[in-house]
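Just so we're clear, the structure is a prediction, and the values are computed from it rather than from any experiment.
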Amino acid sequence: MANHEMKINLKVWRQKNASDAGRFEEYAVKANPDMSFLEMFDVLNEQLIEDGKDPVAFDHDCREGICGMCSMFINGRPHGPKQGITTCQLHMRSFKDGDTVVVEPWKAQSFPVIKDLSVDRGAFDRIIAAGGFVSVNTGNAVDANSILIPKDVADEAFAAATCIGCGACVAACKNSSAMLFVSAKVSQMALLPQGQAEREKRVVAMVDQMDNEGFGSCTNTGACSAECPKEISLSNIARMNREYLRAKLVGN
Amino acid sequence: MSQQLDSKIPQGPLAEKWTGYRSTVPLVNPANKRNMEIIVVGTGLAGASAAATLAELGYQVKAFCFQDSPRRAHSIAAQGGINAAKNYQNDGDSVYRLFYDTIKGGDYRAREANVYRLAQVSTNIIDQCVAQGVPFAREYGGTLSNRSFGGTQVQRTFYAAGQTGQQLLLGAYSALERQVGLGNVKMYARHEMLEVVTIEGKARGIIARNLVTGKLERYFGHAVLLCTGGYGNVFYLSTNAMGSNVTAAWKAHRRGAYFGNPCFTQIHPTCIPVSGHYQSKLTLMSESLRNDGRIWVPKKKDDNRHPNDIPEDERDYYLERRYPAFGNLVPRDIASRAAKERCDAGYGVGPSKMAVYLDFRSNLMNKYGRAEASRLNIENPDEATLVRLGKEVVKEKYGNLFDMYKQITDEDPYEVPMRIYPAVHYTMGGLWVDYELMTTVPGLYALGEANFSDHGANRLGASALMQGLADGYFVIPYTIGSYLSKDIHTKSISTDHEAFVKAEQEAQDRLNQFLSINGKRTVESYHRELGLIMWDKCGMARNEAGLKQAIEQIRALREDFYKNVRVPGSQFEFNPELDKAGRVADFLELGELMCIDALQRNESCGGHFREEYQTEEGEALRDDNGYRYVSAWEYKHGNNWELHKEALEYENIKIAQRSYK
Amino acid sequence: MKVLQFLFTSSIGRKVVMALTGLFLILFLLIHLIGNLQLLKADDGYAFNKYAWFMTTNPLIKTTSYLLYAFILLHAFKGFYLAFTNRKARGGSYGKYNGAANSHWTSRNMAVLGTVILVFIVTHMGDFWWEYKFGEIPWTKYETSVVQDVTTSAPISGAEASGHIRMGSVGDKEVFITKDLYKETVEAFEQPLLVAFYLLAMVMIALHLWHGFASAFQSLGINHPRWNPIIRSLGYGYAVLIPAGFALIPLYVYFLMK
């Protein structure tokens, strides 16, 4: 366990609200290698408050990599330099003493900045509301084992369903495309027997909503999947394309 | 005005209470449902499932969460699984057994009728979730897979890798979003409830603060459901999310809702230990790890050798030693206390000496490594081969947890034992509710972890998800009819009503107060200090002197808070510090009540361990004659509460000393 | 054509258009290359000119070529439109953006590469297609003796050529009178700057294909763990070999025919 202190030069995006132009501000923070990245921001904020300054607003909640709320764009990458983790799981030992670290909010037209590093990801909720569900009212279900699902199908559906809706895919994509997010839900439902009844309607409704929200188009750069903290596969996007074409060309 | 506690438990034999209730509870006809508005605060498993189901039934629902999306609620972080009495494994499970295990696990401090109902509807939950497309783990044949958890002898836990809570919540969230899309639920994310509005004694709405604009807003509802989770963050460090708070429940409490068993908190035995003063939260390592990990400390005090260098006969596998029958799979309260006992006695490990080892090496090699070797026909495998083979199996089972551990500690648990220590995880206590989940304020309900009802003094693993969904999907949709059917003549009340104006003013005054103190200390520093007091004196072990001291300290801290806290910024902006100030202010009041409750309960039971009341072997010593009741606290004013007692009758279970030896 | 409206209104539809037109152009490149390689035959351009003749007169090919032009324009302008809307979707730029950490350079620069390629196509069409169709370029008369299977060629003036049958039998000789695109090409590639520009363009096409080939399959939903490595390898091979084949011609002309 490392106990030595390290000095980090932070260049943080500060923006009062959605209409403010925003700018970078620099701070020096004393950190510890075993601290998480967000704990370093806690230290910074305590310091700012004590100095009578405005603390940096950032989203965070579970701090164990599952709620999907934390969302910093660190040194040019969503959730920072390590693969397969969220910002809250990033530790300062991934940086060196004296490093300059640039921290920005997710940037996308569809994710307006609320303040500093906090953005509004309501667009994701609206996409789910458009079709990311199985229409089954409570009480309508049959016995859970009455529909068999092969293990590999269940596993593949699960892999898609692990998406935490953090928006790193949109942030990483040079086009701010939300296709990885949307395709993860489309895939989960398209793979499972429970999703079949609304298979065509769902994919069309979700893609329409995604387009209406103003997300960019996918150009298959693969940045989304490479930066996804849950490592959601690009094959989901291909599946969504397939599902969509099927629905549009031969669907009811 | 003290009111008699009526738990409204239906008459009749235990197994028929719920079916009988459902068949006779008054209904609200569909046309009337469309005119009735229900407010749901919190969108975790309980809140999302309740909001979705009530909207499906035709009610007009308004749902609120403080996070940026209902999908973020902390139910999402539950790892291990969800219990259900399906008996798919043909291993003798039944509704009765799940009921029995839950009552016993709760150390005989839960209400029989509620727990039985919970066990009954547990099976419907699994069906419903599967129908929603929740991808539970499956066997090759396509059937659902199960695993076992602490405190039970059957395999009844359904799971989705180490992310069961996430999958269940996303299922409930998708049901909720479906209703949002249909216009039956109006969703208010980034809104925090700051007041319950009562009119003529009934809950009629809430005051919520829009956390983006900072404005206070008024919302009317014929009924208000609080599904706002637990209050573990009163300890500052816990496995709860950073935003988890007691504010909604606390405001309800101050408006007349009794608080049940506030001192019953669950300390989870396997969490990653604190690494420094900057620590903001603790991370759980799933209980499922205790299936294969052996817990030990060195037999010698202050043994600074590397764990792998300590020979077998110099290790103390203290759980296996003390509880040979259940070994490493004793319930959480017992495992936690045993770890604390060893560390307090000076046998702890790691830099802080406040940790024990959770070691996979022996099972990795001897259980999985050997099995693999024999499957592959490798004769006399050497140690390296066993490790290599075993590692693959362990990776398949716990890979994501091992990765998470390594991420946080920078140590590889395949090579070195994990270091773990207990941490606050769940609160069994909560708003007192009757059988219908209604608090002592008519029209105000509490669901899920926010209520006190089903887990007694200790919750079994994989039962929190079960309770949240049971309350939301299958209980409240019926029980709310009992209240609303009498309220169909009430038209929507204008939010210009004086009760709304007054409640809003009270919330406004508090905000003004926080912003005007302008002292020197951060909100965070008060929270941290409160947490330390709570952990030291009202944590895993409590005693009279400590609790009395804690009450004094909390009062002093609270006083200091209102003099010296510094809340930057203003109300009408996105201001997380102001949000936090309100939450910490409420924790500063709750903490005192928890200590008061712990002080009055002169016995040890479940997660509540009073050092004065223990057996010679150091086990919890219950006092069934003196304390077989739910303590329900009524808020009076200032620092005053009045205790009401709901006696617990056990007609179907014989109370016994819990033994896992 | 309401059923196909989605191709122009939805994000996935646009992807599909890019993929289909892209694949068509990929296929065209192969055919174009096979034709161009006729240039390398030491036959005074007979085979090449015949190929050019065939390409400009066969009704099926002519129709296809209009389709091709349409697809080039569609691919280009849809591409520009996408690049524009995608930029808008970002809404500003990051202070620090490390794209190299998560994606290949080519995939992030398809629009830039495409623009250079479009400029190239326009120049290329001006150099040869326009010239061939409307320009003043030398004429050549090929005479093939059917008996001896020997072809001779001789320049012929445009005025002379205009009165003659272009292709047919005159006695025991097959006569083929044509605008000599071969000669035009050889002369063109004697200019070092043009050669350099063509080589640059081929590098651009290679880079464009490096991402574009496999990307087209992904856009159409063709993604399978068993086939992905094959598609990817095929794409990389194609991206290198086809432009290399094209590049061979100016290099050959410039260095070996001078």
Side-chain angles (χ1 to χ4, degrees), chain A residues 1 17 32 34-36 38-39 42-43 46 49-50 54-55 57 59-69 85 89 91 93 114-115 118 120-122 124-125 128-130 132-138 140-145 148-151 154 157-158 161-162 165 188-189 192 194-195, chain B residues 52-53 56 67-69 71-72 74 76-77 88 126-128 130-133 135-144 160-161 163 166-167 170 174-175 177-178 180-181 187 189 212 241-243 275-276 278-281 283 351 404 407-408 410 473 477 522 524 566 568-569 573-574 576-577:
Chain A
M1 188 179 284
N17 49 48
N32 177 302
D34 285 326
M35 251 178 200
S36 75
L38 295 184
E39 283 166 351
D42 293 342
V43 170
E46 285 216 54
I49 296 166
E50 279 164 11
D54 191 25
D59 276 326
H60 63 106
D61 202 24
C62 80
R63 294 207 179 185
E64 49 188 278
I66 194 75
C67 76
M69 193 133 168
I85 57 165
Q89 294 174 294
H91 283 70
R93 67 178 83 93
I114 292 173
K115 188 183 175 187
S118 281
D120 178 358
R121 286 166 288 192
F124 273 11
D125 291 331
I128 297 294
F133 47 75
V134 174
S135 294
V136 53
N137 284 359
T138 305
N140 281 346
V142 295
D143 182 82
N145 258 348
L148 300 179
I149 305 174
K151 185 179 186 306
F158 171 75
T162 55
Q188 178 198 347
M189 299 306 191
L192 294 172
Q194 287 82 4
Chain B
T53 306
E56 287 162 9
Q67 299 93 337
D68 75 331
S69 159
R71 66 180 293 154
R72 313 274 185 228
H74 200 53
I76 206 152
Y88 280 161
I126 303 302
D127 298 341
Q128 183 62 29
V130 166
Q132 288 170 342
F136 282 118
R138 302 230 167 211
E139 304 294 345
Y140 283 101
T143 53
L144 288 156
Q163 282 151 262
Q166 181 200 25
Q167 293 310 315
L170 294 184
S174 67
E177 287 298 338
R178 172 174 162 240
V180 171
M187 184 68 226
V212 177
M242 300 303 286
S275 75
Y278 45 77
Q279 188 105 21
S280 60
K281 82 151 265 158
T283 304
M404 186 152 67
Q407 193 56 47
I408 293 171
D410 206 23
Y473 282 135
T522 61
E524 198 76 9
R566 170 177 288 181
E573 62 175 334
F574 185 65
E577 282 297 315

Self-check item: Minimum heavy-atom distance between A/A154 and B/R138, given as atom pair plus value
Solution: CB-CG, 3.6 Å
Self-check item: Contacting moiety of A/E46, where chain B heavy atoms sit under 4.5 Å
Solution: both
Exercise. Measure distances from A/V136 to the heavy atoms of chain B and classify the residue's part below 4.5 Å as side chain, backbone, both or neither.
Key: both
Quiz item: For B/T143 and A/N145, which heavy atoms make the closest approach, and how far apart are they?
Solution: CA-OD1, 3.4 Å
Self-check item: Pairwise distance CD1(A/I149) to CD(B/E139) - rounded to 0.5 angstrom
Solution: 13.0 Å
Quiz item: For the residue pair A/M189 and A/V134, what are the closest heavy atoms and their distance?
Solution: SD-CG2, 3.8 Å
Self-check item: Contact class of B/Q407 relative to chain A, heavy atoms under 4.5 angstrom
Solution: both
Quiz item: Do you know which of A/G68, A/A57, A/A130, A/G195 has the most heavy-atom pairs with chain B at a distance under 4.5 angstrom?
Solution: A/G68
Quiz prompt | Residue selection (most heavy-atom pairs with chain B, distance under 4.5 Å) from A/D54, A/I85, A/D42, A/L38 | solution = A/I85
Quiz item: In terms of heavy-atom proximity below 4.5 Å to chain A, should B/A189 be classed as side chain, backbone, both, or neither?
Solution: neither
Quiz item: So which of B/R566, B/E177, B/M187 has the biggest tally of heavy-atom pairs under 4.5 Å with chain A?
Solution: B/E177
Quiz item: What option among A/G165, A/S118, A/G65, A/G122 has the most heavy-atom pairs under 4.5 Å with chain B?
Solution: A/G165
Quiz prompt | Residue A/L192 versus chain B: region with a heavy atom under 4.5 Å | solution = side chain
Quiz item: Can you say whether A/N17 sits under 4.5 Å from chain B via the side chain, the backbone, both, or neither, judging by heavy atoms?
Solution: neither
Practice problem: Using non-hydrogen atoms and a 4.5 Å limit, figure out which bit of B/Q132 sits close to chain A: side chain, backbone, both or neither. | Solution: both
Self-check item: Proximal component of A/A161, with respect to chain B [non-hydrogen, under 4.5 Å]
Solution: both
Quiz item: Can you say whether B/Y88 sits under 4.5 Å from chain A via the side chain, the backbone, both, or neither, judging by heavy atoms?
Solution: side chain
Exercise. Below 4.5 Å from any heavy atom of chain B, which atoms of A/P55 appear? Answer side chain, backbone, both or neither.
Key: side chain
Exercise. Starting from the C-alpha separation in whole Å, work towards a yes-or-no answer on side-chain hydrogen bond (donor to acceptor under 3.5 Å, both in side chains) for A/S36 and A/R63.
Key: CA-CA 9 Å; A/S36 75; A/R63 294 207 179 185; 4.9 Å; no
Quiz prompt | Spacing of CE belonging to B/M404 relative to CD belonging to A/E64, to within rounding of 0.5 Å | solution = 6.0 Å
Quiz item: In terms of heavy-atom proximity below 4.5 Å to chain A, should B/E577 be classed as side chain, backbone, both, or neither?
Solution: side chain
Quiz prompt | chain B contact via A/I128 - side chain, backbone, both or neither, heavy atoms under 4.5 Å | solution = both
Practice problem: Drop me the distance from A/E39's CD to B/K281's NZ, to the nearest 0.5 angstrom. | Solution: 10.5 Å
Quiz item: Can you check side-chain hydrogen bond (donor to acceptor under 3.5 Å, both in side chains) on A/S135 and B/R178, steps first, answer last?
Solution: CA-CA 8 Å; A/S135 294; B/R178 172 174 162 240; 3.3 Å; yes
Quiz item: Which heavy atom of A/M69 sits nearest a heavy atom of A/H60, and at what distance?
Solution: CG-N, 3.8 Å
Quiz prompt | Interface residue of largest heavy-atom contact number with chain A, from B/G133, B/A52, B/G181, under 4.5 Å | solution = B/G133
Exercise. Could you tell me the separation between the CG atom of A/D125 and the CG atom of B/D68, rounded to the nearest 0.5 Å?
Key: 7.5 Å
Practice problem: Could you tell me which of B/S280, B/A175, B/G243, B/A137 has the largest number of non-hydrogen atom pairs under 4.5 Å with chain A? | Solution: B/S280
Quiz item: Quick one: CD1 on B/I408 to OG1 on B/T283, what's the gap to the nearest 0.5 Å?
Solution: 3.5 Å
